[in-house]
Amino acid sequence: MSTSNSKPQSATLLIEVFTEELPPKSLRRLGDAFSEGIFTALKSAGLATEGSKVTGFATPRRLAVQITDVLNQAPDYPVREKLLPTSIAFDAEGKATPPLLKKLGALGYADVDLATLEKAGEGKNEALYLNVIAKGAALEQTAQTALEQTLNKLPIAKMMHYQVLQKNGQLADVQFARPAHRIIALHGSTILNISALGIDAANQTEGHRFLAPGNVTVSSADQYETDLQSKAKIIPSFNQRRAQIEAELLKAAGDDLVLMPDSLLDEVTALVEWPAIYECHFDQEFLEVPQECLILTMQTNQKYFALTDKQGKLRNRFLIVSNIETNKPHAIISGNERVVRPRLSDARFFFQQDQKRPLASRVVDLGKVVYHNQLGNQLDRTKRVQGLAVGIAKKLNADEKLASRAAEIAKTDLLTDMVGEFPELQGIMGRYYANHDGENADVASACSEHYMPRFAGDALPQTQTGTILAIADKLETLVGIWGVGLAPTGDKDPYALRRHALGICRLLLEKNLSLNLPELIELSRAQFPQADVQEKAKAADIYAFIIDRLRAYLRDQSVAGKAFTSAEIDAVLSQDPAQINDLIERLTALREFNALAEAAQLAAANKRISNILKKTTTAIPATCSAKLLQIPAEASLHQALEAVTPTINAAYEKRQFVELLRSLVALSGPIDQFFADVMVMDPNPELRDNRLALLQQLHQKMNLIADLGKLA
C-alpha cells in the first residue's frame, strides 16, 4: 500500500483472523480483546479519528474488527523533546558531544541539523531541545504491529503449538489458541501487505462448514458483514447471533418459559455461526426425577434449553440450537432426543439409588472425607457446625433439636451419586433426600438453605433452622480457615471468606437477628480444640474483617433512593456495634438528624469533646458531682443533660433512634455556652476531673446511635 506524500485517504479498515474452532467459553472475551487491541493501537498512532466506529466480530472460527474512518497515513505532528543540559551537549569548542549524538540517534534524528536545536533556560538550567515535525504513522506498518501485539496479548488460557509451511519451503513454529488458516486485512477494498501467524493477509475467508463451504471473497471492508451473511451463511456479530438465538428461543417456547442462563446463551452463541432452533422431547416418565437434576443435565452436558410452565414446573419438551438450518430437521431432532435419553436415565438411576440409603446413615462416612489437613475431616467439621448451631439456637430461643439434626445431616448429600455427578446440586439434593427420609420439614429445608446466600443478591433462608445453620456454617468456615493462616490477601480468597462474611452480615441484618457478633465469633472459636487455630483466629481480627464487608454492603444501601455517605457509615461502625441488625435504622435516623439546623453544631461539639477525652491521661470519674459545678454554664449543661437523659434512655430501649437524636437538640445551647464560659482543664484537679466526667457522660449519651463527631 502506498504511503507517499499524497493527501491521506480515509476508509474503513477490516482485519479478520480465521482459525479452527476457538474455545467457546472464552470466545466473547477473545473477540472483545481483539477489537479493542487493534483499535487502541490505531487510535494512539493517530490513524483512527474521533468519529471512528468500532465493531467487533467473533464466531466459532474467526475474530474480526471493523473500524470506520481510518487514515492510510497519520498527519505529521510537532515534536519537542528535551535532550541534554547545554553544558553536556556541547564541548568547549561548541561541537556536539558523544552523549548528544547518542541521544539524537536513539530518538531517530541522527541527521538533524544541529543549528535547528533550541536552547531554553538560563545559566545552569539551560538545556537543549529538539524541535521537529515528525512523520505521521503509516497504516500498513501500524496495522502489522497492532495485529502482532494484539494476538500476543489475547486472554488465551492454553496455547496450541504447531508449524506452518512458509513460502521458502521451511517450517516455522507458531503458537495460538487454535491453528490459523487465513487473515483478511482490507483498507476500503485495498489489501494491506501484512502478515501474522505465518499467514499473509488477503481478502478471502471461508463460509459455513455445511451451508456455504469454500472460499468467500470480501469485496471491501464496509461489505464484510453483508458478504458473510449473504455469501457465507455466517452471522459474524456475536451480539447479533446471541440476540437472534434469544428471540427465537422465546418464540419457540410459546406459552412456556425457557430457561436460558447467560452463561449458556454465551456458550451456545460461541458454538454456532448460523443458528437454527428446533424443538425436542423426552419421555414423560423422567419427570419423576427432581427437575433440577434434569435441567442441569440438559444444560451442562448437552447445551439444551429446558422449558417450564408458568408455575415453573419442568416440561418434557426442550429446545436446541443447531448450526444447520434445514426444512427437514427430523434427523437433527431425533439425534438429539436419542443423545439426551441416556443422560436422563443416568440421573434417574442416581436418584433411585441414592434414596435406598437414608442421609442419616451416611453421617459416619463423612469421617472418610478430608475437609482440610489441619482441620480434620467433614465429620469433624459437622460436629463443630452442630455445636455452633445449637449455641445460636439457644440464643434465639429456637428449637435446638432441629438445629442439631439439620447440622448433622446437612453435608451428607455430598456422598450421594447425584451430587458426585453434579456438585452444583449439593444442598438441593439434600432437601429432596431428607424429605424422602421423613425428616422434619425445616430440617430438610435447612439442608439446602444453609448455603444461602450463595452470591451477592441471592435469596436468604426462609426457615429459622435454615437461617441458624447458614450462620453457623459460614462462621465455622471463616474462623477455621482464618485459623490455619489462610485469611484473604489482596485478590486471593480461595475459600470465599469475603462472601461468607457478607453472608453473615446479610443474615443478621436482613433477618433482624439480635445476636451479639463478637459472642458468635467466640462461640465459633470454642468449637476448635486446636490451640494453634484459636491463636491465629483472633476474634478482633475476624470481627474487623466482617465489619469491613459490612461497610461495603452498607454503601450499596439507600433511603429514598439516596445512598448512605461514607461519613454516615463511619459514624455508625466506628462504635464497633456488637449487634448489627439495627444499623439501617441507625443510619436512617442519622440521615434525619443531619438535616436538623443544630446538627452541624452538635457534631462539631461532639468532635471537640472526643479530642479532649482522648488527650486526657488521668482516670476520669464515672459520674459528675453537682456540688463541684461552680460556673452557671456547666451547671446548666449538667441540668440539661439530667433532664434529657430519661428521654434518651427510653428512646434507645425502644429503638426509637430518630426521637433519641432529636432530643439532643435541647443540649445544643448549653453545650455552646459551656465551651464559651468554662475552662475544662482547670488548674484545680478536682474541678478539672469533674468537668471531664460531665463531658464523658455527655459524650456517651450523644454517641449511643453513632459517633456524631464523624459528621463534622
Side-chain angles (χ1 to χ4, degrees), residues 281-302 304 306 308 312-316 318 337-371 376-386 389 399 401-452 454 461-463 465-466 469-470 473:
H281 295 78
F282 59 82
D283 294 339
Q284 189 88 16
E285 63 188 40
F286 288 120
L287 292 176
E288 298 171 2
V289 181
Q291 66 181 48
E292 292 92 341
C293 308
L294 304 180
I295 292 168
L296 198 59
T297 296
M298 288 188 280
Q299 291 179 346
T300 305
N301 294 325
Q302 306 304 133
Y304 296 158
T308 70
K313 186 177 180 182
L314 186 67
R315 300 291 302 274
N316 71 319
F318 59 94
E337 290 176 343
R338 187 169 59 253
V339 167
V340 79
R341 192 174 296 116
R343 293 288 190 179
L344 301 183
S345 295
D346 286 347
R348 179 173 59 182
F349 175 76
F350 293 147
F351 182 59
Q352 291 171 345
Q353 290 298 110
D354 287 340
Q355 287 178 311
K356 292 178 181 179
R357 186 179 176 189
L359 290 179
S361 71
R362 301 177 188 268
V363 173
V364 66
D365 293 338
L366 289 172
K368 303 174 185 177
V369 182
V370 175
Y371 170 57
N377 53 50
Q378 283 286 4
L379 183 57
D380 297 328
R381 180 169 186 252
T382 292
K383 290 177 180 177
R384 292 193 296 266
V385 173
Q386 193 173 20
D399 193 317
K401 290 183 179 178
L402 292 183
S404 177
R405 181 61 170 177
E408 183 181 15
I409 67 171
K411 299 297 183 184
T412 53
D413 70 338
L414 297 175
L415 303 174
T416 63
D417 291 338
M418 186 70 83
V419 175
E421 180 72 13
F422 299 111
E424 302 92 334
L425 293 175
Q426 57 187 282
I428 294 172
M429 296 315 300
R431 187 183 74 243
Y432 277 109
Y433 295 146
N435 280 324
H436 175 267
D437 296 344
E439 297 284 353
N440 178 278
D442 281 7
V443 170
S445 294
C447 288
S448 173
E449 291 179 339
H450 78 279
Y451 288 103
M452 297 177 174
R454 297 175 181 84
Q462 294 298 305
T463 66
T465 303
L469 191 54
D473 185 68

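Hydrogens, waters and symmetry mates play no part in the numbers below; they use all other heavy atoms, side chains included. Just so you know, residue 1 is the first one in the sequence shown, and it goes up from there.
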Between Cys447 and Ala410, what is the shortest heavy-atom contact and its length?
SG-CA, 4.1 Å
All heavy atoms of Leu469 vs all of Ala389, minimum pair found to be CD1-CB, 4.4 Å
For residues Glu424 and Leu296, determine if any side-chain heavy atom of one lies less than 4.5 Å from a side-chain heavy atom of the other.
yes
Quick check: closest heavy atoms across Ala347 and Leu294, and the distance to 0.1 Å?
CB-CD2, 4.5 Å
Does Ile409 form a side chain to side chain contact (heavy atoms under 4.5 Å, CB included) with Glu439? I'd like the steps, not just the answer.
CA-CA 10 Å; Ile409 67 171; Glu439 297 284 353; 3.9 Å; yes
Minimum heavy-atom distance Lys313-Gln291, with the two atoms named
CA-OE1, 3.6 Å
Rounded to the nearest 0.5 Å, what's the gap from CG on Leu379 to CD on Glu408? Could you check?
9.0 Å
Looking at Arg362 and Asp365, is any side-chain nitrogen of the basic one under 4.0 Å from a carboxylate oxygen of the acidic one?
no
How long is the span from the CG atom in Leu402 to the OG1 atom in Thr465, to the nearest 0.5 Å?
4.5 Å
With heavy-atom distances below 4.5 Å as the criterion, would you say the side chains of Val289 and Phe350 are in contact?
no
Does one side chain, of Thr463 or Glu449, offer a donor that lies under 3.5 Å from an acceptor on the other?
yes
Distance check, rounded to the nearest 0.5 Å: Ile295 atom CD1 versus Leu314 atom CG?
5.0 Å
Heavy-atom check, side chain of Lys411 versus side chain of His450, under 4.5 Å
yes
Hey, can you tell me if Phe351 and Tyr432 have their rings parallel, tilted or perpendicular (30° and 60° cut-offs)?
perpendicular
Side chain to side chain contact (heavy atoms under 4.5 Å, CB included) between Glu421 and Thr297: does it pass, once the steps are laid out?
CA-CA 10 Å; Glu421 180 72 13; Thr297 296; over 6 Å; no
Distance-minimising heavy-atom pair for Ile428 and Asp413
N-OD2, 4.4 Å
Any side-chain heavy atom of Arg357 sitting closer than 4.5 Å to one from Leu415?
no
Rounded to the nearest 0.5 Å, what separation is found between the SG atom of Cys293 and the CE atom of Met429?
4.0 Å
Would you check if the side chain of Gln378 reaches a backbone N or O of Tyr371 as a donor-acceptor pair within less than 3.5 Å?
no
Any side-chain donor-acceptor pair under 3.5 Å between Tyr433 and Asp354?
yes
Gln386 versus Lys383, side-chain donor and acceptor atoms under 3.5 Å:
no
Are Arg381 and Asp473 ion-paired here, with the side-chain N under 4.0 Å from a carboxylate O?
yes
Please indicate whether Glu285 has more than 12 foreign heavy atoms, meaning atoms of other residues, nucleotides or ligands, lying under 6.0 Å from its CD.
yes
Gap separating the CG atom of Leu344 from the CG atom of Asn301, nearest 0.5 angstrom
9.5 Å
Nearest 0.5 Å, what's the CG-CG distance between Asn435 and Asn440?
9.5 Å
Side chains of Glu292 and Arg431 in contact at under 4.5 Å (non-hydrogen atoms)
yes
Under 3.5 Å, side chain of Asn377 to main-chain N/O of Gly367, donor-acceptor pair present?
yes
What closest approach, in Å, do Pro358 and Asp437 show between heavy atoms, and which atom pair accounts for it?
CA-OD2, 3.4 Å
